[in-house]
Amino acid sequence: MAQSLANSVFEEDKQFIAPLYGKANIEFVRGEGSYLFDKNGKKYLDFVAGIAVNALGHQNVAIKKAVEEQMDSFFHISNLYPNYPQVNLAKALLAATGFDKAFFCNSGTEANEGCIKFARKYFDRKGEKNRQKIVTFINSFHGRTFAALSATGQPAIREGFGSMPGDFVHVPWNDVAALKAEVNSDTCAIMLESLAAEGGVMTVSDEMVAAINSLKKEFGCLVIVDEVQAGMGRLGTFLGLQKHGIDADLVSLAKALGGGLPLGAVLLRQKVADQLKAGDHGTTFGGNPVACAVGLAVVNQIAKPEFLANVEARSAQLKAGLETIAAKFPAVKGVRGEGLILGLALDESLPVGNVIAAARDEGMMVLSAKGNVLRLLPPLNVSAAECDEALTKLEKAFAKVAK
Ligand SMILES: Cc1ncc(COP(=O)(O)O)c(C=O)c1O
């Protein structure tokens, strides 16, 4: 049954919330595991997962327990005082990744701002003030604050916001020659996502990884890997860079890290941390104790080999099913992605919005990525049966809208 719009949350949203998002006319009232339920009791398989945030699904028991336990001691004390929620999460993250220090913030864009500031400060303290240039990629997405926006390789979302922080250059994704032409002894950092998710679910090529690692050796620049969407187990390894062998100095994390609470992190190599001092950077809320307690519960789950093995197994299952769908519907140009960021590239005869709407009618939430790509971001603990259900629902959706 279609929901009435009168006196609804849609009307009130329009009236009271700044008009910055294209929102669906749907009112969710409850989540459970891999499912969401709307006001009318309709059940949806949630393959959006809060845009890669709900890696453990909805109402995860370990997350709820962590929230409750931390709320019983304190919600917030500021970064003026050391506290175990932060220290314990840092230890777990560093153990899972091999990095040396953690900085906590609240979001992906803030984590990327942190990476950019730490990289620039590193060279400044070393007396290499010429090293300002950060080379990033066309169609990348690093966030909406000014430096992260400047790093983002999508000019359309910078339009109208005036001057941007300088010295960001963008080269085509996986174009080794273009990258080599831009990196030199003035380069501060090469910055990339371990999988370009928003930009169209584009995996990084082995040649690009080899080029990045060798340019770093040749010119002594830093490498920043944005793991905000692709990290935290989504590619089947704890960090995407571990899967691809990217030799990183700084990593940004957010989304799944907080299990639904706002939490971001920068992971640093010791040599970078050694060049930072108290006062160089900071945040009031970053590393909130409740969010960090949840972060620890999330990391403890995701770092388990059997958890990551499920990501790989479900990825293989979904990919095989998506290939079958692609073979049935000529409007599907191909299957993209790895781990549990998967995409179907569609041709111009089939706008991705039509598939999203049809899937929703079937009781399944999916989203898009740049370039008319259908994107799937299931919870990472999704089951084999739920993946079969997803493939059945998607096929029905395509049957309705694909010519
Ligand atoms: C790769 C990547 N980096 C950064 C961001 C920005 O994160 P946030 O929206 O938490 O600021 C996103 C958000 O989609 C992202 O996908």
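Remember, it's 1-based here, ligands and their atoms both numbered in the order they're listed.
Annotation: ring pair (Phe, Tyr, Trp, His ring centres under 6.0 Å) contacts involving residues 283-303, sequence neighbours excluded, comprise His76-Phe285. For residues 149-202, the pairs satisfying ring pair (Phe, Tyr, Trp, His ring centres under 6.0 Å) are Phe137-Trp173, with sequence neighbours left out.
To the nearest 0.5 angstrom, Thr203 atom OG1 is 10.0 Å from Lys243 atom NZ.
Near ligand 1, residues Ser107, Gly108, Thr109, Asn112, Phe141, His142, Gly143, Glu193, Glu198, Asp226, Val228, Gln229, Lys255 each place a heavy atom inside the 4.0 Å sphere around the ligand atoms.
Under the salt bridge (charged side-chain N to carboxylate O under 4.0 Å, His left out) criterion, Glu395 pairs with Lys328, sequence neighbours left out.
At a threshold of 4.0 Å, the pair Arg269-Asp249 does not count as salt-bridged, since none of the basic side-chain nitrogens sits closer than that to a carboxylate oxygen.
Below 30°, between 30° and 60°, or above 60°: for His281 and Phe103 the angle between ring planes is between 30° and 60°, a tilted geometry.
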